[in-house]
Every structure is written in structure tokens, then in C-alpha cells.
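Before any comments, here is the structure.
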2 protein chains.
Amino acid sequence: MVNEMDKIKQFIASYIEISEEELEGLLPKFSIRKYNKKAIIHFYGEICKYLYFVDKGILRVFFIDEHGDEKTFHFALKNTIATDYESFLKQIPSNYTIQVIEEATLIQISLETVQYIYRNLRHGEKLGRLLAEEYIFIFTKKTNAIYTKTPMQRYQSFKKLFPDVFHQIPQHYIASYLHITPVHLSRLISQTNKSKKS
Amino acid sequence: MVNEMDKIKQFIASYIEISEEELEGLLPKFSIRKYNKKAIIHFYGEICKYLYFVDKGILRVFFIDEHGDEKTFHFALKNTIATDYESFLKQIPSNYTIQVIEEATLIQISLETVQYIYRNLRHGEKLGRLLAEEYIFIFTKKTNAIYTKTPMQRYQSFKKLFPDVFHQIPQHYIASYLHITPVHLSRLISQTNKSKKS
DNA sequence: AATATCTCTTAACATTTGTTATCGAAGTAT
DNA sequence: ATACTTCGATAACAAATGTTAAGAGATATT
């Protein structure tokens with residue numbers, strides 16, 4: 001317990017100045033939960049109740065398209081946050097589902113707590129702004145990659161960006177993240193391996 | 001002049017409470033500029049100096065891929081803001097170029113002014129947070145569309161979303177925005193027209 | 001242990017999308 | 001006005017990606 005709280009303390013302190021008193025008021029509002037592999041922590045159709053800070057493990061955010069296929073939108077790794085921002089902030093039903101891929105320890109942060117942060121921390125609004133901005137940077141890069149890169153290039157960058165993750169995640173999740181079919185991803189991988197040998 | 005300032009006043013007031021005194025301190029910091037069609041207001045490689053509020057006209061944000069082709073990343077319409085968020089906020093060189101497509105009146109906001117907003121407006125940080133969050137909503141939808149939709153579906157939604165804009169913008173800009181070639185967009189359009197007649 | 005289910009690979013084939021080239025129309029500059 | 005670009009439509013062809021199906025391993029379930 002202490003351990004997880006230390007980590008989120010550090011996480012917050014890396015964005016804003018925060019006093020011990022402020023932390024004392026805030027930390028008890030966080031709840032820590034452990035989830036097993038494959039657990040679904042948020043269902044589409046429901047309002048996204050929490051902002052999740054990933055202390056340990058990997059989450060997958062996906063949605064279901066009109067053919068019923070799951071499309072992975074995002075992988076949330078250690079020390080990052082995951083949520084359906086719009087559903088969570090506006091309290092509207094979400095189109096996304098969030099699932100645990102690797103046994104995870106999460107810190108759940110409710111909207112009330114987020115609002116508490118905005119109202120009661122000296123730099124609460126700033127924390128919200130900085131986190132939102134960082135999210136923008138990540139997603140701009142991601143969108144940009146889809147525009148600029150071929151599937152092969154996207155596959156290569158994914159491998160570089162998430163070297164260890166690559167072997168922990170079912171391959172077809174990665175395929176949908178890269179916006180290609182599992183069959184085609186398999187083809188790209190075998191192409192890569194062939195050219196390595198020659 | 002007064003007119004444009006009124007509009008940005010309303011724009012800000014739609015996000016946060018702001019007093020007359022605060023506005024009096026802030027508005028003089030904004031500068032208004034008119035640009036002709038095709039004017040380039042920010043070059044890639046340079047630091048993005050301003051956050052632009054579009055009072056009138058249309059902007060196009062694009063980048064140049066490895067083959068030298070321009071890829072349109074975003075169209076900024078009336079009453080929205082445009083910038084390379086990361087370049088502007090971190091003061092690092094930008095990969096994007098911003099061009100005027102339809103004769104535009106812009107309010108230029110420097111980073112100093114943004115920082116002035118954060119430091120001196122009672123709800124300055126909140127304004128920054130809300131704008132960043134809105135940006136996230138827009139871009140999440142956009143990214144989502146690229147994942148879920150076929151080029152034909154994306155073309156159809158684009159037409160619905162920007163009905164008037166559609167005929168004002170050169171078609172090949174739209175093609176790169178939709179992530180297809182101009183030739184293919186032309187094909188999709190003619191397919192649509194054929195099926196309408198039958 | 002046996003069975004069922006899921007995952008990845010591979011192949012053959014279908015479809016979509018990209019590429020190149022040509023033409024005419026419209027816009028821009030001289 | 002005249003020439004020069006740019007733009008969009010179209011066609012023929014090429015390449016990339018999707019689809020379907022079959023089989024082999026792995027994993028989970030009974």
C-alpha cells in the first residue's frame with residue numbers, strides 16, 4: 001500500500017509543487033486495486049467512473065466496430081494514466097472498454113477526487129492542464145504515425161517503443177492497434193525475419 | 001478591431017468566469033492580423049511562435065512526409081484555435097506548417113501571453129486545462145474515425161461535418177486529410193454520385 | 001489425460017488502394 | 001490575350017492489404 005502511494009506521490013510531484021498537508025488531504029481519497037489478467041475494469045456503454053493510474057501491469061483500451069471486431073486504441077503502461085477522457089469528464093456513456101492484459105495494480109481516481117484536486121490543491125488546475133497536454137503530445141504523435149508511416153514502419157516503431165511489451169501481448173491486439181489485420185501483421189513479421197537472415 | 005476582440009472575449013467567457021479588470025489587462029496583449037489566401041504563417045523547422053485564434057477564414061495544418069508529399073493534419077475553422085501544441089508549449093522546432101486557405105483574420109497569442117493568463121487570471125489554469133481537454137476530445141474522435149471507418153465512410157463523414165467547407169478547399173488537401181490519394185478520392189466521389197442516380 | 005478453445009502462420013485468392021499517365025477545365029501570371 | 005500552372009476526372013496497371021481456409025502449437029477446461 002505504502003509503496004503504491006509513494007509512487008503516485010512522486011508522479012504528482014513531478015508535475016506540480018505540492019505540500020505535505022495537501023498530500024495528506026489527497027492520498028486517502030485514492031483507492032488501490034489489483035486486477036487479474038483479462039479482467040474488464042470498464043465496459044463500453046457505461047460511464048467511465050475512474051481515471052486509472054497504472055502502478056503495475058498493462059491495460060488495453062479498445063472499442064468494438066460495426067462488424068463486432070475489437071479495435072485496440074491504446075495500451076497503458078506502468079506509470080501512465082488510462083481512462084476514456086470524454087466519458088469520465090463529461091459523465092457520458094463511453095464507447096471504449098478497458099481491460100487488464102497483464103496482472104495490474106491500479107490506483108483508481110474518481111471524478112469527485114479530480115474535482116477535489118482542482119478546488120483544493122494550490123496547483124490542482126495546473127496538474128489537470130499538464131496531464132491533458134501530455135496526453136495531446138502522445139496522441140498527436142500516434143495519429144501522425146498513422147498518417148505518415150506504412151504498416152511495416154508502424155510495426156517497426158512499435159517494436160522499438162515497446163520492446164518488452166511486444167512479446168507479452170497477444171499479437172492480434174497489436175495488429176488492430178497498428179490498424180492492420182492479424183494475418184497481415186504475421187506477414188510483415190515473417191518478412192522482417194527473412195531480410196534479417198540474408 | 002473591436003469586433004474581433006469582442007469575439008475572443010466571448011470565446012474566453014464561454015470557458016471561464018473572467019472579470020472586466022482581467023479582460024482589460026489581457027486584451028491589449030492580443031494582436032490581430034489578416035492574411036491572404038495561401039499565406040504561410042508558420043514554417044516547419046521553426047518554433048511555433050503563436051497560438052492562433054481563427055476569427056475568420058480557414059487554416060490548414062500539414063506536414064511533409066519522407067517523399068516530400070504534404071499531408072494535411074487538421075483544418076482549423078472559425079472560432080477554433082490552431083497551433084502546434086507541443087512546439088508552442090515546449091518551444092521546440094515544429095514538424096508542421098500552417099497555411100491560410102481562405103483569407104483569414106487571426107488573433108495571435110504568444111507564449112508569454114499564455115503564461116500571463118496562467119499566472120494572472122483567477123481561472124487561467126482552468127482555461128488552459130479546458131482548451132487542452134477539448135482538443136483531446138476532437139483528436140480522439142478523429143483518430144477513432146481513422147481506425148473504424150473505411151475511406152468511403154471517412155469521406156462521407158467529412159462531407160457531413162464540413163458541408164460548406166468541402167467546396168472551398170482544394171480536393172487533394174481533403175484527400176490527404178482522409179489519408180488517401182487524390183485519385184482515389186476522386187474515384188470515391190464518382191462512385192457516390194453514380195449510386196445516387198440509380 | 002483428453003478435449004476444446006485460442007493463437008499464430010501460411011497459402012491462395014479477392015479487393016482495395018496506390019501509381020502513372022493523359023486530358024480538359026479553371027485559375028494565374030505575363 | 002497568351003501562355004503557364006494547378007486541379008480534378010479517368011483509365012490501365014501495379015502493389016498492398018484484406019479474406020477465407022487449413023493446420024500446428026499452445027493454453028485452458030473438464
Side-chain angles (χ1 to χ4, degrees), chain A residues 36-40 58 60 62 64-72 75 99-103 145-156 158-159 165-197, chain B residues 36-40 58 60 62 64-72 75 99-103 145-156 158-159 165-197:
Chain A
N36 289 329
K37 225 168 162 166
K38 297 199 177 168
I40 304 242
I58 303 173
R60 172 171 87 105
F62 66 92
I64 295 172
D65 74 7
E66 52 204 346
H67 306 295
D69 296 333
E70 293 181 358
K71 305 276 187 170
T72 298
F75 294 110
Q99 184 186 28
V100 173
I101 299 189
E102 287 293 321
E103 201 168 82
I146 294 179
Y147 269 78
T148 350
K149 309 295 185 184
T150 64
M152 179 58 109
Q153 290 171 318
R154 298 203 296 272
Y155 156 66
Q156 309 265 16
F158 186 92
K159 245 190 357 184
V165 180
F166 197 77
H167 300 284
Q168 302 172 27
I169 308 179
Q171 201 166 292
H172 61 281
Y173 292 171
I174 298 174
S176 78
Y177 181 85
L178 296 175
H179 198 217
I180 54 179
T181 59
V183 175
H184 193 55
L185 176 56
S186 174
R187 241 185 320 228
L188 296 178
I189 292 174
S190 82
Q191 274 175 38
T192 310
N193 295 341
K194 264 179 218 156
S195 59
K196 260 185 202 163
K197 279 172 196 159
Chain B
N36 289 328
K37 225 169 161 163
K38 298 199 176 171
I40 304 240
I58 303 174
R60 173 170 84 104
F62 66 93
I64 295 174
D65 74 7
E66 53 204 346
H67 306 295
D69 295 334
E70 293 180 358
K71 304 278 187 170
T72 299
F75 293 111
Q99 184 185 28
V100 173
I101 299 189
E102 287 293 321
E103 198 168 87
I146 294 181
Y147 270 79
T148 349
K149 310 294 185 183
T150 63
M152 179 58 107
Q153 291 171 317
R154 298 202 297 271
Y155 157 66
Q156 310 265 16
F158 185 92
K159 246 191 354 188
V165 178
F166 196 78
H167 300 284
Q168 300 170 28
I169 305 180
Q171 201 165 292
H172 62 281
Y173 291 170
I174 298 175
S176 79
Y177 181 85
L178 296 175
H179 199 216
I180 53 178
T181 59
V183 175
H184 193 54
L185 177 55
S186 174
R187 244 185 318 228
L188 296 177
I189 292 174
S190 83
Q191 274 175 38
T192 309
N193 295 340
K194 264 179 217 156
S195 57
K196 261 186 201 164
K197 278 171 197 162

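Being a predicted model, the structure only gives us computed values, none of them experimental. Scope of the values below: all heavy atoms of this structure, side chains included, with no hydrogens, waters or symmetry mates. By convention in this document, chain letters (A, B, ...) are assigned in the order of the sequence lines, proteins followed by strands, and residues within each chain are numbered from 1.
- At least one side-chain heavy atom of B/Ile189 sits under 4.5 Å from a side-chain heavy atom of B/Gln171.
- Nucleic acid contact for B/Ile189: none, since no nucleic acid atom lies under 4.0 Å from a heavy atom of the residue.
- When the side-chain nitrogen and oxygen atoms of A/His184 are compared with OP1 and OP2 of D/dA16, none of them lie within a distance under 4.0 Å.
- In the 5' to 3' direction, nucleotides of DNA chain C lying under 4.0 Å from heavy atoms of chain A begin and end at C/dT7 to C/dA12.
- Proximity of a side-chain donor or acceptor of A/Ser176 to a complementary backbone N or O of A/Thr72 within less than 3.5 Å is detected.
- Going from atom CG of B/Leu185 over to atom P of D/dT10 covers 12 Å, rounded to whole Å.
- B/Arg187 has its CZ atom 16 Å from the P atom of D/dG8, to the nearest Å.
- Of all nucleotides listed (D/dT17, D/dG8, D/dT19), D/dT19 comes nearest to the side chain of A/Thr181.
- As rounded to whole Å, 10 Å separates atom P of D/dT17 from atom NE2 of B/His179.
- The phosphate of D/dA9 has OP1 or OP2 within less than 4.0 Å of a side-chain N or O from B/Gln171.
- The side-chain heavy atoms of B/Gln156 and B/Thr192, taken from C-beta on, include a pair separated by under 4.5 Å.
- A/Tyr155 is linked by a ring pair (Phe, Tyr, Trp, His ring centres under 6.0 Å) to A/Phe166, counting only residues two or more places apart in sequence or in another chain.
- When heavy atoms are screened at a 4.0 angstrom cut-off, A/Pro151 is found touching the sugar-phosphate backbone but no base atom.
- For the pair A/Asp69 CG and D/dT20 P, the interatomic distance rounds to 11 Å; values are reported in whole Å.
- In terms of position on DNA chain D, the residue among B/Ser186 and B/Lys38 whose nearest nucleotide sits closer to the 5' end is B/Lys38.
- Side-chain contact check for A/Arg154 versus A/Ile180: some heavy-atom pair is nearer than 4.5 Å.
- Judged by closest nucleotide on DNA chain D, B/Ile169 is the one of B/Ile169 and B/Val183 placed further toward the 5' end.
- The side-chain heavy atoms of B/Ile101 and B/Phe75, taken from C-beta on, include a pair separated by under 4.5 Å.
- Among residues two or more places apart in sequence or in another chain, the salt bridge (Lys or Arg N to Asp or Glu O under 4.0 Å) test is passed with B/Arg187 by none.
- As rounded to whole Å, 17 Å separates atom P of D/dA15 from atom CE of A/Met152.
- As a whole-Å value, the separation of A/His172 NE2 from D/dT20 P is 17 Å.
- If you take OH of B/Tyr155 and P of D/dG8, they are 13 Å apart, rounded to a whole angstrom.
- Remark: P of D/dT6 and NZ of B/Lys37 are 15 Å apart, rounded to the nearest angstrom.
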